[in-house]
Amino acid sequence: MNESEAPPKDPAPAQDDYRPSARRLERERLRRARTRRAVAIAAASTLATAVVLYLAVTHAPGWPRTRETFLNAHYARIALPQVLKGLWLNVRLLVCCGALILVLGLLLALARTLRGPVFFPLRALATAYVDFFRGLPLIICLLGVVFGVPALRLQGVTNNPVVLGGAALVLTYAAYVAEVFRAGIESVHPSQRAAARSLGLTGVQAMRYVVLPQAVRRVVPPLLNDLVSLQKDTGLVSIAGAVDAVYAAQIITGESFNYTPYVVAGLVFVALTIPMTRFTDWVTARMNRRQSQGGVV
């Protein structure tokens with residue numbers, strides 16, 4: 001190939017000579033200044049509030065007695081190992097009951113969304129279940145299951161307080177989770193189901209492959225909030241005699257007549273709950289950003 005026939009070379013890329021204007025630089029400087037000022041004001045107000053609360057509490061007439069009864073370092077050191085040992089039971093209850101609650105809640109939600117007169121008895125039973133256990137206080141459900149089931153003396157039914165307490169948690173929380181799932185299913189536009197049926201999918205296939213995936217993604221944040229509540233309410237199984245974190249603190253309190261173990265158990269539950277709460281907030285914010293940007297939720 002002759003030099004005259006050589007393909008022309010691409011022109012050299014133009015250099016980026018962009019320079020922000022003085023007005024834009026000024027706006028950015030003012031924005032940074034406002035941010036620094038807001039952070040400083042927030043820090044100062046937080047510090048002032050903390051100082052006021054500290055002085056108000058420590059100068060109260062009953063503060064020395066309260067500190068000795070609820071914030072005793074000696075009893076805190078004694079209680080912490082036992083509370084952490086009992087907390088393992090709460091964690092196991094959270095995992096096992098959480099899985100069963102999700103399954104039972106989804107089945108109840110599907111039963112309530114079934115169409116056709118032939119499914120009316122199933123819809124009525126699911127609705128009655130949800131209405132009953134949503135209105136029944138959890139502690140009454142726990143007392144009824146823990147003390148009522150053994151009184152029946154049924155063959156093959158366990159009397160283990162941990163199992164019975166977990167069953168009461170599943171019965172109550174499944175009703176709340178069922179409504180969350182049902183709200184997610186009904187939030188999917190009917191055109192999605194119609195489009196799936198027009199492609200030849202059966203009603204069950206449309207629900208499984210089209211409706212449920214969208215519904216579950218939409219209800220992840222409220223489901224995580226329910227799991228956070230379940231994590232705290234696992235401590236209620238202590239009323240059945242199960243030695244969890246709360247009951248371990250109660251044993252030490254009964255021996256010492258000092259309430260510091262209860263404070264230790266409460267702080268342990270808070271430390272366990274905060275990470276899940278922050279994760280729930282992150283998931284919620286992420287899904288809100290995707291929705292605002294037109295993404296699939």
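Index from 1, following the sequence.
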Nearest non-hydrogen partners of [X] and [Y], listed with the distance:
X	Y	value
Arg218	Pro221	O-CD, 4.0 Å
Thr69	Asn258	O-OD1, 2.8 Å
Phe181	Val216	CE2-CG2, 4.2 Å
Ala240	Val146	CB-CG1, 3.3 Å
Pro261	Ala249	O-CB, 3.4 Å
Val162	Ala242	CG2-CB, 3.7 Å

Is [Y] close to [X] at the side-chain level, that is, under 4.5 Å between some pair of heavy atoms?
X	Y	answer
Val188	Val210	no
Thr273	Thr277	yes
Trp88	Arg92	yes
Leu110	Ile185	yes
Leu142	Leu138	yes
Phe279	Ile274	no
Tyr173	Ser229	yes
Leu169	Leu230	yes

Atom [atom1] of residue position [X] - does it have more than 12 heavy atoms of other residues, nucleotides or ligands inside 6.0 Å?
X	atom1	value
Trp63	CH2	yes
Arg208	CZ	no
Tyr262	OH	yes

Pairwise distance [atom1]([X]) to [atom2]([Y]) - rounded to 0.5 angstrom:
X	Y	atom1	atom2	answer
Thr127	Leu108	OG1	CG	9.5 Å
Leu106	Leu212	CG	CG	6.0 Å
Gln192	Ser187	CD	OG	10.5 Å
Thr172	Ile139	OG1	CD1	11.5 Å
Ile101	Cys96	CD1	SG	11.0 Å
Phe119	Leu125	CZ	CG	13.5 Å

Donor-acceptor pair, distance only, cut-off 3.5 Å: does the side chain of Arg123 make one with the backbone of Gly116? yes
Indicate yes or no for a side-chain donor-acceptor contact from Arg197 to the backbone of Ala206 under 3.5 Å, with no hydrogens or angles considered. no
Output all residues satisfying side-chain contact (heavy atoms from CB on, under 4.5 Å) with Arg153, sequence neighbours left out; order by chain, then residue number. none
Show me the side-chain donor-acceptor pairs of residues 71-86 shorter than 3.5 Å, one per line, residues at least two apart or across chains.
from	atom 1	to	atom 2	distance (Å)
Asn72	OD1	His74	N	2.9
Asn72	OD1	Tyr75	N	3.3
Asn72	ND2	Glu68	OE2	2.8

Check against side-chain contact (heavy atoms from CB on, under 4.5 Å), Thr234 and Phe269: CA-CA 10 Å; Thr234 54; Phe269 272 102; 4.2 Å; yes
Would you say [X] and [Y] are hydrophobically clustered, going by side-chain heavy atoms of ILVMFWY under 4.5 Å?
X	Y	answer
Ile140	Leu236	yes
Leu154	Leu143	yes
Val264	Val91	yes
Leu223	Val283	yes
Val170	Val163	no

Give a yes-or-no answer on whether the side chains of Thr158 and Asn160 include a donor-acceptor pair shorter than 3.5 Å. no
Evaluate the ring planes of Phe133 and Tyr129, with Trp represented by its six-membered ring, and classify them as parallel (under 30°), tilted (30 to 60°) or perpendicular (over 60°). tilted
Answer yes when Glu179 and Arg182 have at least one side-chain N-carboxylate O distance shorter than 4.0 Å, and no when they do not. yes
Salt-bridge present (Arg31, Glu28; N to O < 4.0 Å): no
side-chain contact (heavy atoms from CB on, under 4.5 Å) between Leu87 and Asp244, intermediate numbers included: CA-CA 6 Å; Leu87 185 67; Asp244 68 330; over 6 Å; no
Pair Arg286, Trp282 - check side-chain contact (heavy atoms from CB on, under 4.5 Å), show working. CA-CA 6 Å; Arg286 179 172 178 269; Trp282 177 81; 3.7 Å; yes
Output, in order, the C-alpha distance, side-chain angles, deciding distance and verdict of side-chain contact (heavy atoms from CB on, under 4.5 Å) for Leu152 and Val157. CA-CA 9 Å; Leu152 295 174; Val157 178; over 6 Å; no
Worked check of salt bridge (charged side-chain N to carboxylate O under 4.0 Å, His left out) between Arg29 and Glu26: CA-CA 5 Å; Arg29 187 187 65 80; Glu26 181 66 16; 2.5 Å; yes
